[in-house]
**Student:** 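Dumping the structure here so I can ask a few things about it.
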Amino acid sequence: MAFAAEKLQSDDALLDTYSATVADAVDRIGPAVCRIERIGAGGHGSGFVISQDGLVVTNFHVVGDARAVRVTMPDGASREGHVLGRDPDTDIALVRADGSFADVAPLGDSKRLRRGQIAIAIGNPLGFEWTVTAGVVSALGRSMRASTGRLIDDVIQTDAALNPGNSGGPLVSSAGEVIGVNTAMIHGAQGIAFAVASNTANFVISEIIRFGRVRRAFIGVSADTTNLPRRAALLSQVTTNTAVRLRSVEKNGPAAKAGLKEGDIIAAIDGRPVTGVDDLVRMLDAERIGRETLCTVVRRTGVSQVAVTPVARTN
């Protein structure tokens, strides 16, 4: 009986610690989460403020083709916002809201995530109050199909339930940092939900701020982050433990023409380690369009260098 009582007290303490961790993260990020409504077009979703001068991140499918949106904060304050840019291929959009904002949600480093880590989804689907659900990071480096039909790479899978209207809201770590942008839910699949990783979102935001759109080099692959065996790391002369494995290679695309195949592992590009899908996305920028790019490829037969010439990605 004494053992059972001690275990019960231990479980209660653990639950209290978990509850406090979730509540603290929500208190930190929640005030920066907003409701996004298209002006004159209907439809709504969530978003979050990332800078005091009014930069707001949301989903592309939340804003659609709208030029102006209504941004409503948890305290009821409502401002007009203008869509600065959108990227259908990652389901990310960036809005500039009028005025200044005291509360912001910092983007964290999604590369540091681990399976089993606490994941907290915050949204603003039904009025001014946010809703909160919590779970764990179920998988990393997933790919899912965007509304354009293209695959979104570097997607976080979580079991933190997404309520209707939560799209565009932040997925938050226990440290109170945004680790992803909630983007979709597979209905009838036991509550599996997805978020675009914060590192990918950061890349998209930077491109939109600089150029008004996202410029990309295209090689025609989808990929997952995978462990890199030590022997393969030594042979490929990289010092990392992870790389990317090609899930599919588009027929007649630059990768296929260069000889890359499904199952190949890319450990480096032009000698720079590719530790995950976010690296692959970031490295394939506009500067590589039309320029021969050397991929360090790991296969069962050994390590080889494959020259790929990316092309401009068109919508």
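All of these numbers come straight from a predicted model, not from anything done at the bench. Throughout, residue positions are numbered sequentially from 1 according to the sequence presented.
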**Student:** State, yes or no, whether a side-chain contact exists between Thr90 and Val204 at a heavy-atom distance under 4.5 Å.
**Tutor:**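 Yes, close enough: below the 4.5 Å cut-off.
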**Student:** Can you tell me how far the CZ atom of Phe194 sits from the OG atom of Ser138, to the nearest 0.5 Å?
**Tutor:**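 The OG atom of Ser138 is 9.0 Å from CZ of Phe194, to the nearest 0.5 Å.
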**Student:** With a 4.5 Å cut-off on side-chain heavy-atom distances among I, L, V, M, F, W and Y, is there a chain of contacts connecting Ile122 to Tyr18?
**Tutor:**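 Yes: a chain of side-chain contacts under 4.5 Å links Ile122 to Tyr18.
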**Student:** Could you tell me the separation between the OG atom of Ser173 and the CD1 atom of Ile118, rounded to the nearest 0.5 Å?
**Tutor:**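 Output value for this atom pair is 9.5 Å.
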**Student:** Ignoring hydrogens, what is the shortest heavy-atom contact between Ala201 and Val196? Give both atom names and the distance.
**Tutor:**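 Residues Ala201 and Val196, closest heavy atoms: N-CG1, 4.5 Å.
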**Student:** State, yes or no, whether a side-chain contact exists between Phe60 and Asp89 at a heavy-atom distance under 4.5 Å.
**Tutor:**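 No. Closest side-chain heavy atoms not under 4.5 Å.
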**Student:** Does Leu107 reach the side chain of Phe48, with side-chain heavy atoms less than 4.5 Å apart?
**Tutor:**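 Side-chain contact under 4.5 Å: yes.
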**Student:** Would you say Val281 and Val181 are hydrophobically clustered, going by side-chain heavy atoms of ILVMFWY under 4.5 Å?
**Tutor:**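 In one cluster: yes.
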**Student:** To check you understand the geometry: which heavy-atom pair defines the closest contact between Arg299 and Ser304, and what is its length?
**Tutor:**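 Scanning both residues completely, I find the closest heavy atoms to be NH1-OG, 4.0 Å.
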**Student:** Where do Ala193 and Ala160 come nearest, in terms of heavy atoms and distance?
**Tutor:**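 Smallest interatomic distance, heavy atoms only, reads CB-O, 3.7 Å.
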**Student:** Output the distance between atom CG (Leu171) and atom OG1 (Thr133), rounded to the nearest 0.5 Å.
**Tutor:**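 It is 8.5 Å, given to the nearest 0.5 Å.
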**Student:** Is a side-chain donor or acceptor of Asn199 paired with a backbone partner of Ser110 at a separation under 3.5 angstrom?
**Tutor:**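 Such a contact is found between Asn199 side chain and Ser110 backbone.
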**Student:** Applying side-chain contact (heavy atoms from CB on, under 4.5 Å) to Leu113 and Leu140, what does each step give before you reach the verdict?
**Tutor:** CA-CA 8 Å; Leu113 290 176; Leu140 298 165; 3.9 Å; yes
**Student:** Evaluate the side-chain proximity of Val274 to Met283: yes if any heavy-atom separation is below 4.5 Å, no if none is.
**Tutor:**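 Touching, per the 4.5 Å side-chain cut-off.
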**Student:** Nearest 0.5 Å, what's the CG-CG distance between Asp224 and Leu246?
**Tutor:**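 Reported value, rounded in 0.5 Å steps: 9.5 Å.
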**Student:** Show the numbers, then the answer: is there a side-chain contact (heavy atoms from CB on, under 4.5 Å) between Thr242 and Leu228?
**Tutor:** CA-CA 5 Å; Thr242 56; Leu228 184 64; 5.6 Å; no
**Student:** By side chain to side chain contact (heavy atoms under 4.5 Å, CB included), which residues pair with Arg28, not counting sequence neighbours?
**Tutor:**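 Side chain to side chain contact (heavy atoms under 4.5 Å, CB included) check on Arg28 returns Pro106.
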**Student:** I'd like to know whether Leu94 forms a side-chain contact (heavy atoms from CB on, under 4.5 Å) with Val56, so could you lay out the CA-CA distance, the side-chain angles of the two residues, the decisive distance to 0.1 Å, and finally the verdict.
**Tutor:** CA-CA 6 Å; Leu94 187 64; Val56 178; over 6 Å; no
**Student:** Between Val83 and Val69, does the side-chain contact (heavy atoms from CB on, under 4.5 Å) criterion hold? Intermediate values first, please.
**Tutor:** CA-CA 7 Å; Val83 180; Val69 295; 4.3 Å; yes
**Student:** If I take atom OG from residue Ser198 and atom CD1 from residue Ile179, how far apart are they, to the nearest 0.5 angstrom?
**Tutor:**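 Answer for the OG-CD1 pair, Ser198 versus Ile179, is 7.0 Å.
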**Student:** For the pair Asn182 (side chain) and Ala195 (backbone), establish whether a donor and an acceptor sit closer than 3.5 Å, ignoring hydrogens and angles.
**Tutor:**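 Side chain of Asn182 to backbone of Ala195, a donor-acceptor pair under 3.5 Å: no, none is there.
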**Student:** In the single-linkage hydrophobic clustering (I, L, V, M, F, W, Y; side-chain heavy atoms under 4.5 Å), do Ile266 and Val238 co-cluster?
**Tutor:**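 No, Ile266 and Val238 fall in different hydrophobic clusters.
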**Student:** Which residue, Thr275, Asp154, Thr225, forms the side-chain hydrogen bond (donor to acceptor under 3.5 Å, both in side chains) with Lys111?
**Tutor:**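 Running side-chain hydrogen bond (donor to acceptor under 3.5 Å, both in side chains) over Thr275, Asp154, Thr225 with Lys111 returns exactly one hit, Thr275.
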**Student:** Under 3.5 Å, side chain of Ser51 to main-chain N/O of Leu55, donor-acceptor pair present?
**Tutor:**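 Checking the backbone N and O of Leu55 against the side chain of Ser51, a donor-acceptor pair under 3.5 Å is found.
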**Student:** If only atom types and distance count, is the side chain of Asn59 paired as donor or acceptor with the main-chain N or O of His61 below 3.5 Å?
**Tutor:**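 Looks like no, no N/O pair under 3.5 Å.
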**Student:** Determine yes or no for a side-chain-to-main-chain donor-acceptor pair under 3.5 angstrom, with Arg282 supplying the side chain and Phe203 the backbone.
**Tutor:**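 It does not hold such a pair.
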**Student:** Taking the side chain as C-beta and beyond, is there a heavy-atom pair between Leu294 and Val306 under 4.5 Å?
**Tutor:**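 No, every pair of side-chain atoms sits at 4.5 Å or beyond.
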**Student:** Just by distance, do the side chain of Thr309 and the backbone of Gly290 share a donor-acceptor pair under 3.5 Å?
**Tutor:**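 Not confirmed, Thr309 side chain does not pair with Gly290 backbone.
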**Student:** If hydrophobic clusters are built by linking Ile, Leu, Val, Met, Phe, Trp and Tyr wherever their side-chain heavy atoms come under 4.5 Å apart, do Val249 and Ile265 end up in the same one?
**Tutor:**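 No; Ile265 is not reachable from Val249 via cluster members.
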**Student:** Would you say that more than 12 heavy atoms from the other residues, nucleotides or ligands in this model lie under 6.0 Å from the CD of Gln237, or not?
**Tutor:**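 Check fails, neighbour count at 12 or below.
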**Student:** Taking Asp279 first and then Arg272, would you say they form a salt bridge - that is, a charged N and a carboxylate O separated by under 4.0 Å?
**Tutor:**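 A salt bridge is absent here (no side-chain N lies under 4.0 Å from a carboxylate O).
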**Student:** With sequence neighbours excluded, give me every salt bridge (charged side-chain N to carboxylate O under 4.0 Å, His left out) pair touching residues 51-72.
**Tutor:**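 Sorted result for residues 51-72: Asp53-Arg96.
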**Student:** Heavy atoms, side chains only, cut-off 4.5 Å: are Ile36 and Ser46 in contact?
**Tutor:**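 When only atoms from C-beta onward are counted, Ser46 and Ile36 do not touch, as no gap falls below 4.5 Å.
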**Student:** Extract all donor-acceptor atom pairs below 3.5 Å that involve side chains of residues 207-220 and protein atoms in other chains or at least two apart in sequence.
**Tutor:**
| unit_1 | atom_1 | unit_2 | atom_2 | d |
| --- | --- | --- | --- | --- |
| Glu207 | OE1 | Arg215 | N | 3.1 |
| Glu207 | OE1 | Arg215 | NE | 3.4 |
| Arg216 | NH1 | Asp87 | OD1 | 3.0 |
| Arg216 | NH2 | Asp87 | OD2 | 2.5 |

**Student:** Membership question, hydrophobic clusters at under 4.5 Å side-chain separation (ILVMFWY): are Val277 and Ile205 in the same one?
**Tutor:**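 Yes, because Ile205 and Val277 connect within a single hydrophobic cluster, where side-chain heavy atoms sit under 4.5 Å apart.
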**Student:** Restricting to non-hydrogen atoms, name the atom on Ala32 and the atom on Val104 that form the minimum distance, rounded to 0.1 Å.
**Tutor:**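 Distance-wise, the nearest heavy atoms are CB-C, 3.6 Å.
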**Student:** Looking at every heavy atom in both Arg114 and Val137, which two are closest together, and how far apart are they?
**Tutor:**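 Heavy atoms only, the tightest pair is O-CB, 3.8 Å.
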**Student:** Mind checking whether Arg142 and Ile156 have side chains closer than 4.5 Å, heavy atoms only?
**Tutor:**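 No - every pair of side-chain heavy atoms lies 4.5 Å or more apart.
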**Student:** Donor-acceptor pair, Asp98 side chain versus Gly81 backbone, under 3.5 Å?
**Tutor:**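 Not a single qualifying donor-acceptor pair exists.
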**Student:** Between the side chain of Asp24 and the main-chain N/O of Thr21, is any donor-acceptor distance below 3.5 Å?
**Tutor:**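 Such a contact is absent between Asp24 side chain and Thr21 backbone.
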**Student:** Tell me the closest heavy-atom pair linking Pro273 and Thr240, and the distance in Å.
**Tutor:**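 For Pro273 versus Thr240, the nearest heavy atoms are CB-CG2, 3.9 Å.
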**Student:** Check whether the side chains of Ser236 and Thr296 place a donor and an acceptor atom closer than 3.5 Å, and report yes or no.
**Tutor:**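 Not at all, the side chains of Ser236 and Thr296 share no donor-acceptor pair under 3.5 Å.
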**Student:** Could you grab the distance from atom CZ of Arg115 to atom OG1 of Thr158, nearest 0.5 Å is fine?
**Tutor:**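 These two atoms lie 13.0 Å from each other.
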**Student:** State plainly whether the residues Asp270 and Arg291 are in salt-bridge range, i.e. N to O under 4.0 Å.
**Tutor:**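 Judged by the 4.0 Å cut-off on N to carboxylate O distance, Asp270 and Arg291 do form a salt bridge.
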**Student:** Do Pro310 and Ile289 come within less than 4.5 Å of each other through their side chains, counting heavy atoms only?
**Tutor:**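 Not touching, per the 4.5 Å side-chain cut-off.
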